[in-house]
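Since the structure comes first, as structure tokens, the remarks are kept for the end.
Every chain is numbered from 1, with letters handed out A, B, ... down the list of sequences. Keep in mind that what you see is a predicted model, and the values were worked out from it rather than measured.
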Amino acid sequence: MKLTKAYGLAPLKLAETIAEFIKAPMFSKIEVKAPGFINFYLSNDTVYQNAYNVLKLNENFGRVNIGNGVKVNVEFGSVNPTGPISVSHGRQVVLGDIFSSMLEFTNHSVAREYYCNDAGNQIRNLGKSVLVRYRQALGAKVEFPEDGYHGDYVMEIARELIAIHGEKYQAEGPADEDVITLFGDYSQTKMIKEIVGVCEKMGVKYDTIYSERSLYSDGIVAQTLEFLKANALTYEKDGATWFLSTKFNDEKDRVLVKSDGKSTYALSDIAYHKTKYSRGFRQLITFLGADHHGYIKRLHAAVSALGVPPETLTILIHQFVTMLKDGQVVRMSKRAANYVELNELIDDVGVDAVRYFFIMRKMDAHLDFDINLAKSQSTDNPVFYLQYCHARCHGVLNEARTKGFDVAIDKIAALPHDIVKKLDSPEEVAILKRAADFPKIMEECVKNYAPHLLCHYAEDFVKLFQSFYTKGKIDKNFRIVTDDKDLSSARLFLIYVVLITTRNILKVMKLSTPERM
RNA sequence: GUGCCUGUAGCUCAAUGGAUAGAGCGUCGGACUACGGAUCCGCAGGUUGGUGGUUCAACUCCACUCAGGCACACCA
């Protein structure tokens, strides 16, 4: 239709003309429909060839080469180590992990990274909070700082410190700053361990935990500042050193070194990104919560200042999670300490459900997480539906085996074309066709940064099979294993296509693949 | 005040600028009486928040507007 002007022909007429010229054996039918569409119908032979390919590729079915092995750094879940990890961060961790998994599946060399903000005021604040709780626990009348961390975990840490140090730091003293540092470091180490532990419990394993503090001790911050100065990207104003980030489209310039001589987060952040490139990564992906959307321009300015094409950095913003329990919104706030902890949620609904629910919606949209619904092991649980399909395929193969069929995959994969083409009902052809879409879906997920598309595809695909399968319960002619040996073999071929596709989907999402449920 | 995200069926959400806007849940009707278990089929349900604009074609792009969410530090 876009060509109609160029050729001066009516759309329908033009489509007919084009259709005339296209003749290929892979299409069984080519038709022209108003107002000017050309429909190509894949011939069944093409469908069967694709299906043979599924069995041949097996666990590699669905892989597409998008990345050419490029080194990608995926940073996600970089929670400040000042408290337990919350469910909104959980969403980010799962998004980052599964997207990384998708990148690996599409031939990228991925490093999962956690950036640990262990260098700023918040650690001092944490240390101070713990110190006050420590003293309170020992009976002192000390006012808790309003901007301190109010969660119960602070008291837990304080008790641990009492167990370790006794009453050594009970009295206020001139060395309090040192104590705050000591307590802060202890607390921070403990929190990071706990956060990473919860992530591992969810099946997420980081390749690197990068410490902000190390940027200072390794001299990278200082080097970065020198680099920026040498390139005339800084200036002095009001006793502070500023980064000329407006030159790279940022909304305002940023302070790098405060008038008191201390560096800001903005500076260490530039230094951090510098290391990502110097560590050999050629593509950076950073997941941030919606509250950080203001960073996008700043970070792009940062990498531009480093002389790197800004498009090598992709920042993905995800919206928050609203937890619903018994129809009530559960508020989440670290400060107020009445938020839902990710750890509790995992215990509550299970790893697979948590992982799936967190990626099933596009990240731009808010996610309502109904705890009651996720907990219910009913059939409206899509995870259950997918895993059941996988288990069912195994069940059918076992059934066939007991009836004397050789169900080894290489045996089934070697079935002659004449047998496979017995899969000619519209339902069977539809399943085979939809399975063949899997690689294309993977590509869309990665290129559009949209992992949720895989969920929609998976549910759609599995439904086709479940529907066909149920047909066999009503009409014996649609059963998988029947008296007709050739037809049964053909249908076992179909089972393998479904099994492989479903299993590979589950594996990309790093969900368990039960053979029986 | 400025900026970012969202608004689609009763609910939760899909839809590279393309054909009659699709699923799940829920409602209603039907099938199955089961370890090849824990389901399947169908009906109903829509002015895609609103108003303009661009286009052969708009849920999709642009402008304005309404509603909700989130940010706008010499904090991190």
Taking the [atom1] atom in each of [N] and [M], what is the distance between them to the nearest angstrom?
N      : M      : atom1 : answer
C56(B) : C41(B) : C1'   : 40 Å
C11(B) : G36(B) : P     : 42 Å
A14(B) : A73(B) : C1'   : 40 Å
G49(B) : C59(B) : P     : 10 Å
U60(B) : G53(B) : P     : 14 Å
A58(B) : A19(B) : C1'   : 14 Å
G37(B) : G30(B) : P     : 25 Å
A31(B) : G68(B) : C1'   : 44 Å

Length of the [atom1]-[atom2] vector between [X] and [N], whole Å:
X       : N      : atom1 : atom2 : result
L256(A) : C75(B) : CG    : C1'   : 15 Å
F320(A) : U6(B)  : CZ    : P     : 15 Å
H456(A) : A15(B) : NE2   : C1'   : 10 Å
H366(A) : G7(B)  : NE2   : P     : 10 Å
R298(A) : C74(B) : CZ    : P     : 10 Å
H293(A) : G69(B) : NE2   : C1'   : 10 Å
L499(A) : G36(B) : CG    : P     : 18 Å
I38(A)  : G18(B) : CD1   : C1'   : 13 Å

Please state whether the phosphate of [N], meaning OP1 or OP2, lies under 4.0 angstrom from any side-chain nitrogen or oxygen of [X].
X       : N      : answer
K258(A) : C75(B) : yes
R392(A) : A38(B) : yes
Y388(A) : G37(B) : yes
Y457(A) : G22(B) : no
T470(A) : C32(B) : no
K463(A) : G24(B) : yes

Of V255(A) and G395(A), the one whose closest nucleotide on RNA chain B sits nearer the 5' end is G395(A)

Identify, between G239(A) and E444(A), the residue whose nearest nucleotide on RNA chain B lies closer to the 5' end. E444(A)

Does NZ or CZ of K485(A) fall inside the cone over F405(A)'s six-membered ring, less than 6.0 Å from its centre and within 45° of the axis?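 Yes, a cation-pi geometry.
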
Looking at the side chain of [X], which of [options] is the nearest nucleotide?
X       : options                : value
D291(A) : C74(B), A71(B), C72(B) : A71(B)
E251(A) : A14(B), G36(B), G3(B)  : G3(B)
L453(A) : G36(B), A14(B), C74(B) : A14(B)
D368(A) : C13(B), C74(B), C40(B) : C13(B)
K362(A) : G24(B), G36(B), A14(B) : A14(B)

Got a sec, which residues hit side-chain hydrogen bond (donor to acceptor under 3.5 Å, both in side chains) with [X], two or more places apart in sequence or on another chain?
X       : answer
H318(A) : Q92(A)
D253(A) : Y235(A), T246(A)
Y449(A) : T314(A)
E236(A) : T241(A)

Do we count F37(A) as stacking onto A19(B) if the rule is ring centres under 5.5 Å and planes under 30°?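 Here F37(A) meets both the 5.5 Å and the 30° conditions.
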
Take N1-N3 plus N6-O4 or O6-N4 for Watson-Crick, N1-O2 plus O6-N3 for G-U, both under 3.5 Å. Which runs of 3 or more such pairs involve RNA chain B? B:1-7 with B:66-72, B:10-13 with B:22-25, B:28-31 with B:39-42, B:49-53 with B:61-65

What I want to check is whether an N or O donor and acceptor connect the side chain of S259(A) with the base of C74(B) at under 3.5 Å.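 Result: at least one qualifying N/O pair found.
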
Could you tell me whether [X] contacts a base, only the sugar-phosphate backbone, or nothing, with contacts defined as non-hydrogen atoms closer than 4.0 Å?
X       : answer
K471(A) : nothing
Q466(A) : sugar-phosphate
A240(A) : base
D238(A) : base
E399(A) : base
V257(A) : nothing

Taking the six-membered ring for Trp and the full ring for Phe, Tyr or His, determine whether the centres of F76(A) and Y206(A) are under 6.0 Å apart. yes

Side chains of N398(A) and R401(A): donor-acceptor distance under 3.5 Å anywhere? yes

Q387(A) versus S512(A), side-chain donor and acceptor atoms under 3.5 Å: yes

Partner set under side chain to side chain contact (heavy atoms under 4.5 Å, CB included) for I441(A), not counting sequence neighbours: D437(A), E444(A), C445(A), L454(A), Y457(A)

Check whether T482(A) reaches the backbone of D484(A) with its side chain - one donor and one acceptor, N or O, closer than 3.5 Å. yes

